[in-house]
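Note sheet for the following structure.
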Amino acid sequence: MDSSSSSNSCFSVGSASPGAVVLLYSKELKKWDEFEDILEERRHVSDLKFAMKCYTPLVYKGITPCKPSDIKSSVLSSEEVHYVIKQLSKESLQSVDVLREEVCEILDEMSHKLRLGAIRFFAFALSKIFKQIFSKVCVNEEGIQKLQRAIQEHPVVLLPSHRSYIDFLMLSFLLYNYDLPVPVIAAGMDFLGMKMVGELLRMSGAFFMRRTFGGNKLYWAVFSEYVKTMLRNGYAPVEFFLEGTRSRSAKTLTPKFGLLNIVMEPFFKREVFDTYLVPVSISYDKVLEETLYVYELLGVPKPKESTTGLLKARKILSENFGNIHVYFGDPVSLRSLAAGRMSRSPYNLVPRYIPQKQPEDVHAFVTEVAYKMQLLQIQNLVLSPWALTAAVLLQNQPAMDFDALVEKTLWLKGLTQAFGGFLSWPDNEPAEEVIQSNILLHSNIASLVKDQVVLNMDSGDSEVVDGLIFQHITLLMCSAYRNQLLNIFVRPSLVAMALQMTPGFRKDDVYSCFHFLLSVFSDEFIFLPGNTLKDFEEGCYLLCKNEMIQVTTRDILVTEKGNTVLEFLIGLFKPFVECYQIICKYLLNEEDYFTEKQYLAGVRKFAGQLLDQGASQCYDVLSGDVQKNALAAFVRLGVVEKKKVNSDTVFNVNEPAMTKLEEMLGCKTPVGKPVTAKL
């Protein structure tokens, strides 16, 4: 069982279980900075004048002046790359010259060619596009000022959330706007397939990495040395996405550690004194790719990036996507994070250029930092009114009275703010107008018809679009906005689910159930590893603070006021439990080994049949993200075995364990047990 590391733990000192709880946990609510709309000035100043402005950004005090070509030369002559070339030459019997030639080819493929002319071109083009499709682009300027100071002191790594291709374009645009150095950005090789656009991105700071390195030691050595050289030189802020890819479901994806390992290594090896990690949270009223994402979640292959596809996407220029909020978090010192947490001495035992297996404590530290950065991203995401409206609509589908929707959305607004969520709600505007304008913004999902708000369940002509059922498209699109709320409510929701599933109100039993649920769903949501007890404390604290539960020496009791709230929280989280139950049922019928591709097709067909028959109303199970997360969780929990057969990865169900898991997920309050204990 996890023990809390919190100095203000609500659990009795010396106890690793939640027995004898006196709730002392306190969560300081964040004071939100003022946001400034940068498009306001752009609308009054010539785009050409903006693009051609005097651009002399402040840079890192220890910068080594160099051109992009100098970075390539530095990598080619580095001790680390030389060492790997010699080792591979001995192993593969290839000549050193052949391997050096391969290094040059890798560098030509990946390297950026940052040029001011390309930056100015993008500044001009993006200024026009952003003014056309967004109402506002709001930035916390206090965060910009802190970033400006950080860039001058130490190498900086920007870690943005990833919801859209707009993310990296927006960050470069903002840094140029505020006279900060434009970042060098880790981009996927997909973009190189786009004629001209790929080269333009390269000239604006993108460097390209393969999606998988496999066992290619030479590629890994060249790529990691390239990134570390830019970081050590303080050439420019390095930017990459911890999630590795865009989230299709609006939930933060579990982090990838490869690039984070690389940018932290110069600090581990004492090649830099410190490195600043800057979490950046980018929030959209409406995501440009929302329809494309749903198609992908429903099994339609992702279209290949191409210039032709980009030109076809020009129609978005006639649409309105509302506001964007970009929150630059406080720069986090890697040195401060590591103080007393890990030892860098193993790196002193061998020459720096010799690759080493990462010590366990270093791996644990990198993992912890990745999750902490993601939690900071989540903490600073901004919710739009539509996220609340979508959540209410999904619990009252397919339609509800407009007045009832307004009433329930306002109730949820109060609850969201009470739980510490940051909500972008227009001041001095009637709630009816706010909600109506948001329905209009998302008219592809819902419509206001004769005082009824109706989810769009067909396209007008047909119930099927591009081979997909239109209702499924609408509901999964709506679910993505509801998912944004789970950043605020996931821990209280897990407590609420645990209270419902636990016979009796014993605190220890509720915690055990919470622990079980968190372990099952840790691929769906971001939880700091080894922090389960503190997550439980936070969930209880938020419910207790708002008088929804009371915690006694032995029990957790639900108040009458809390009944409505807990019912809503259970409704918010229940779709995920039902998804996993359905997937358990499907897998229990699988007798032979199966591949992931066979599994995804099978689950989708099985779920579709249940929905058609009316045996289930859980449309979320159609999401490819949920299906993949469930399989990953089942492998981690040992209820599905994963192994290699020839060159294929296959899976096999441990039937007794899967049956037990299905029973535990299906555990509900016995009929007759009061949901509310009178206080």
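Owing to the predicted nature of the structure, the values given are computational and were not obtained by experimental measurement.
Here the straight-line distance linking atom CG of Leu423 with atom OG1 of Thr416 works out to 6.5 Å at 0.5 Å rounding. Rounded to the nearest 0.5 Å, atoms CG (Asp330) and NZ (Lys146) are 3.5 Å apart. The structure places CD of Glu538 at 9.0 Å from CG of Asn531, a figure rounded to the nearest 0.5 Å. Asp285 contributes atom CG, which lies 7.0 Å from atom NE2 of His325 (distance to the nearest 0.5 angstrom). A distance of 5.0 Å separates CD1 of Ile282 from OG of Ser161, quoted to the nearest 0.5 Å. If you take CG on Leu180 and CG on Leu175, they are separated by 5.0 Å, rounding to the nearest 0.5 Å.
Within the structure, the salt bridge (Lys or Arg N to Asp or Glu O under 4.0 Å) test picks out the following pairs touching residues 148-164 (sequence neighbours left out): Arg163-Glu243. Note on residues 222-240: pairs passing salt bridge (Lys or Arg N to Asp or Glu O under 4.0 Å), not counting sequence neighbours, are Glu80-Lys228, Glu225-Arg232, Lys228-Glu265, Arg232-Glu271.
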Next on the checklist: As a quick check of understanding, evaluate ring pair (Phe, Tyr, Trp, His ring centres under 6.0 Å) for Phe573 and Phe521, giving each step before the final call.
Outcome noted: CA-CA 11 Å; Phe573 197 83; Phe521 294 103; 5.2 Å; yes
Item to check | Candidate pair Phe173 and Phe50, rule ring pair (Phe, Tyr, Trp, His ring centres under 6.0 Å), full reasoning | outcome: CA-CA 11 Å; Phe173 178 78; Phe50 169 64; 5.6 Å; yes
Item to check | Arg248/Glu289 under salt bridge (Lys or Arg N to Asp or Glu O under 4.0 Å): CA gap, chis, key distance, verdict | outcome: CA-CA 9 Å; Arg248 271 68 174 168; Glu289 302 99 321; over 6 Å; no
Checklist entry - After noting the C-alpha distance and the side-chain angles of Asp523 and Lys628, does the key distance pass the salt bridge (Lys or Arg N to Asp or Glu O under 4.0 Å) rule? => result CA-CA 9 Å; Asp523 292 278; Lys628 289 174 186 175; over 6 Å; no
Next on the checklist: Please determine whether salt bridge (Lys or Arg N to Asp or Glu O under 4.0 Å) holds for the pair Glu537 and Lys534, giving the CA-CA distance in whole Å, both sets of side-chain angles, and the decisive distance to 0.1 Å.
Outcome noted: CA-CA 5 Å; Glu537 292 179 23; Lys534 191 172 179 184; over 6 Å; no
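With 3.5 Å as the limit, one finds a donor-acceptor pair spanning the side chains of Tyr176 and Arg120.
The shortest side-chain heavy-atom distance between Val227 and Phe207 falls under the 4.5 Å cut-off. Between Val238 and Val156, the closest side-chain pair of non-hydrogen atoms is not below 4.5 Å.
Atom CD of Glu360 is surrounded by 12 or fewer heavy atoms from other residues, nucleotides or ligands within 6.0 Å. Within a 6.0 Å sphere centred on CZ of Phe121, heavy atoms belonging to other residues, nucleotides or ligands number 12 at most.
Contact detail for Leu58 and Ile151: the closest heavy-atom pair is O-CG2, 3.8 Å. Tyr226 and Ile71 get closest at one heavy-atom pair: CE1-CG2, 3.6 Å. Looking at every heavy atom in both residues, Pro155 comes nearest to Val272 through CG-CG1, 4.2 Å. Heavy atoms only, all atoms of each residue included: Arg636 and Val520 are closest at NH2-O, 3.6 Å. The nearest pair of heavy atoms linking Asn177 to Lys53 is O-NZ, 3.1 Å. Taking every heavy atom of both residues into account, Leu259 and Ala186 meet most closely at CD1-CB, 3.8 Å.
Classified by interplanar angle (parallel below 30°, tilted 30° to 60°, perpendicular above 60°), the ring pair Phe257/Tyr371 is tilted. The aromatic rings of Phe527 and Phe525 stand perpendicular to each other, their planes meeting at an angle above 60°, with 30° marking the opposite boundary.
Geometrically, Arg42 does not engage Phe130 in a cation-pi contact, judged by NZ or CZ lying under 6.0 Å from the ring centre and within 45° of the ring axis.
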Could you pull out all donor-acceptor pairs under 3.5 Å where a side-chain atom in residues 483-493 meets a protein atom, sequence neighbours excluded?
| from | atom 1 | to | atom 2 | distance (Å) |
| --- | --- | --- | --- | --- |
| Asn483 | ND2 | Ser249 | O | 2.9 |
| Asn483 | ND2 | Ser479 | O | 3.4 |
| Asn487 | ND2 | Gln484 | O | 3.4 |
| Arg491 | NE | Asp535 | OD1 | 2.8 |
| Arg491 | NH2 | Ile526 | O | 3.2 |
| Ser493 | OG | Phe489 | O | 2.8 |
| Ser493 | OG | Leu569 | O | 3.4 |

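The main-chain N or O of His154 is never found under 3.5 Å from a side-chain atom of Asp274 such that the two would form a donor-acceptor pair.
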